[in-house]
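We use all heavy atoms of the structure for the numbers below, so side chains are in, but hydrogens, waters and symmetry mates are not. Everything numeric here is computed off the predicted structure, so don't read it as measured data.
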Amino acid sequence: MKNCRLLLFDLDGTLLRSDKTISERTYRALWQCREKGMLIGVSTSRGRQNALAFIGELKPDVLITSGGALVYIREQCICRAEFSVEETRGLIAAARAVCGADCEITVDTTDAHYWNYKIDPKKQDASWGDSIYTDFTDFGQCALKICVEIPDEQKAVQLKECMKDYDCVRFSDGFWYKFTKKEVTKEHAIREVCAFLHIEKEEIAAFGDDYADSGMLAFCGWGVAMGNAIPEVKEQADIVIGSNDEDGIAQYLERVFL
């Protein structure tokens with residue numbers, strides 16, 4: 001990876017430790033890589049405003065959020081893939097028809113994150129920040145990403161069949177399923193980044209741990225799986241490093257680039 005021009009990191013389970021912070025050692029390694037001329041990027045399923053709250057002064061050169069639905073190069077938006085208001089309402093209605101009227105749903109828009117949880121998530125985890133409660137009745141905004149909690153696997157299969165024209169990925173740490181426009185994946189967003197920055201995918205090292213990262217690691221020139229990654233991600237990776245709680249990223253960057 002001597003020709004690496006972009007380091008691209010998932011957040012949860014990867015760049016973030018279990019306490020949702022970035023270690024000082026990792027921060028230092030990232031800045032040293034930037035000083036050597038490498039670009040630093042984040043590629044996450046979190047919404048943009050929520051993601052920015054976790055990365056402090058890092059100021060990534062590339063920011064891919066909502067699973068690839070929104071892409072920024074520094075302060076410029078280069079790609080946005082939204083469901084229309086009508087599509088958003090239709091997806092919410094389909095989720096409730098299959099999973100029950102009280103199923104839990106979240107929606108990312110360009111500017112906010114909405115939820116209808118029975119228990120306020122901000123009381124359980126302050127990292128939810130400015131998330132907004134709604135019952136989604138007559139929800140009138142375009143959605144970048146819709147997530148539905150589906151503990152019943154048969155209902156998950158049924159809903160995915162109803163939404164077969166969209167992209168669906170499950171999160172491994174629960175029963176949540178992410179729905180985006182069909183073309184919206186992290187790897188598709190990376191293609192947009194490559195075209196904009198005039199770099200090749202072979203010049204990117206991507207780091208991840210969960211289902212949504214699998215395609216990204218396979219697509220980029222060098223796929224790096226965290227030690228805590230699920231087996232499916234490790235299988236796609238070129239190398240497996242230490243876990244997110246063991247400074248795995250810092251150790252790897254120090255050894256390979258610094």
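Remark: Lys181 does not engage Asp167 in a salt bridge, criterion side-chain N to carboxylate O under 4.0 Å. The pair Glu254-Arg25 meets the salt-bridge criterion, with a side-chain N (NZ, NE, NH1 or NH2) lying under 4.0 Å from an Asp/Glu carboxylate O. Glu57 and Lys59 are joined by a salt bridge, as a carboxylate oxygen and a charged side-chain nitrogen come within less than 4.0 angstrom of each other.
The closest side-chain heavy-atom distance from Phe83 to Leu144 is not below 4.5 Å. A heavy-atom distance below 4.5 Å is not found between the side chains of Leu15 and Asp10. Gln49 places none of its side-chain heavy atoms less than 4.5 Å from the side chain of Asp111. At a threshold of 4.5 Å between non-hydrogen side-chain atoms, the residues Ile249 and Thr14 count as touching. Side-chain contact between Thr109 and Gln141 is present, with heavy atoms from C-beta onward closer than 4.5 Å. Residues Ile204 and Arg5 fail the side-chain proximity criterion, which asks for heavy atoms closer than 4.5 Å. Residues Arg46 and Asp12 have side chains in contact (heavy-atom distance under 4.5 Å, counting atoms from C-beta outward). Looking at heavy atoms from C-beta onward, Asn244 lies in side-chain contact with Ser18 at the 4.5 angstrom threshold.
Looking at every heavy atom in both residues, Asp138 comes nearest to Arg89 through O-NH2, 3.5 Å. When all heavy atoms of Thr44 and Lys186 are compared, the pair lying nearest together is CA-NZ, 3.8 Å. The two residues Ile105 and Phe136 have their closest heavy-atom pair at O-CE1, 3.5 Å.
The CD1 atom of Ile230 lies 10.0 Å from the CD atom of Gln236; values are rounded to the nearest 0.5 Å. In this structure, CG in Asp210 is found 10.5 Å from NZ in Lys178, a value given to the nearest 0.5 Å. A distance of 12.5 Å separates NE2 in His198 from CD in Glu203, rounded to the nearest 0.5 Å. Taking CZ from Phe196 and CD from Gln76, the interatomic distance works out to 4.0 Å, rounded to the nearest 0.5 Å. Interatomic distance, CD1 of Ile150 versus SG of Cys168, reported as 7.0 Å (0.5 Å rounding). Taken to the nearest 0.5 Å, the CG atom of Leu253 stands 11.5 Å off from the NZ atom of Lys36.
Residue Glu183 qualifies as enclosed at atom CD: its count of foreign heavy atoms under 6.0 Å is above 12.
Between the side chains of His113 and Asp108, a donor-acceptor pair is found at a separation under 3.5 Å.
With hydrophobic clusters built from ILVMFWY side chains whose heavy atoms lie under 4.5 angstrom apart, Phe257 does not share a cluster with Val240.
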Test side chain to side chain contact (heavy atoms under 4.5 Å, CB included) on Val42 and Leu8; report intermediate values, then the result. CA-CA 5 Å; Val42 167; Leu8 192 57; 5.8 Å; no

Evaluate the criterion side chain to side chain contact (heavy atoms under 4.5 Å, CB included) for residue pair Ser172 and Tyr211; output intermediate values, then yes/no. CA-CA 7 Å; Ser172 66; Tyr211 291 113; 3.7 Å; yes

Under the side chain to side chain contact (heavy atoms under 4.5 Å, CB included) rule, what do Leu52 and Thr65 come out as? Steps first, then yes or no, please. CA-CA 10 Å; Leu52 288 171; Thr65 57; over 6 Å; no

Start with the C-alpha distance between Leu159 and Cys99, add both sets of side-chain angles, then the distance that settles side chain to side chain contact (heavy atoms under 4.5 Å, CB included), and finish with yes or no. CA-CA 8 Å; Leu159 185 58; Cys99 305; 4.1 Å; yes

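Centroid-to-centroid, the aromatic rings of Phe207 and Tyr252 come within less than 6.0 Å. Checked against the 6.0 Å centroid threshold, Tyr166 and Phe179 do not count as a close aromatic pair. Aromatic rings of Tyr177 and Phe171 (six-membered ring for Trp) have centroids beyond the 6.0 Å cut-off, not under it.
Among Val224, Val233, Asn228, Asp173, the one residue that satisfies the side-chain contact (heavy atoms from CB on, under 4.5 Å) test with Asp209 is Asn228.
Figure legend: cation-pi geometry between Arg48 and Tyr72, with NZ or CZ positioned under 6.0 Å from the six-membered ring centre and within 45° of its axis.
Take Asp135 and apply the side-chain hydrogen bond (donor to acceptor under 3.5 Å, both in side chains) test, not counting sequence neighbours, and it matches Thr137.
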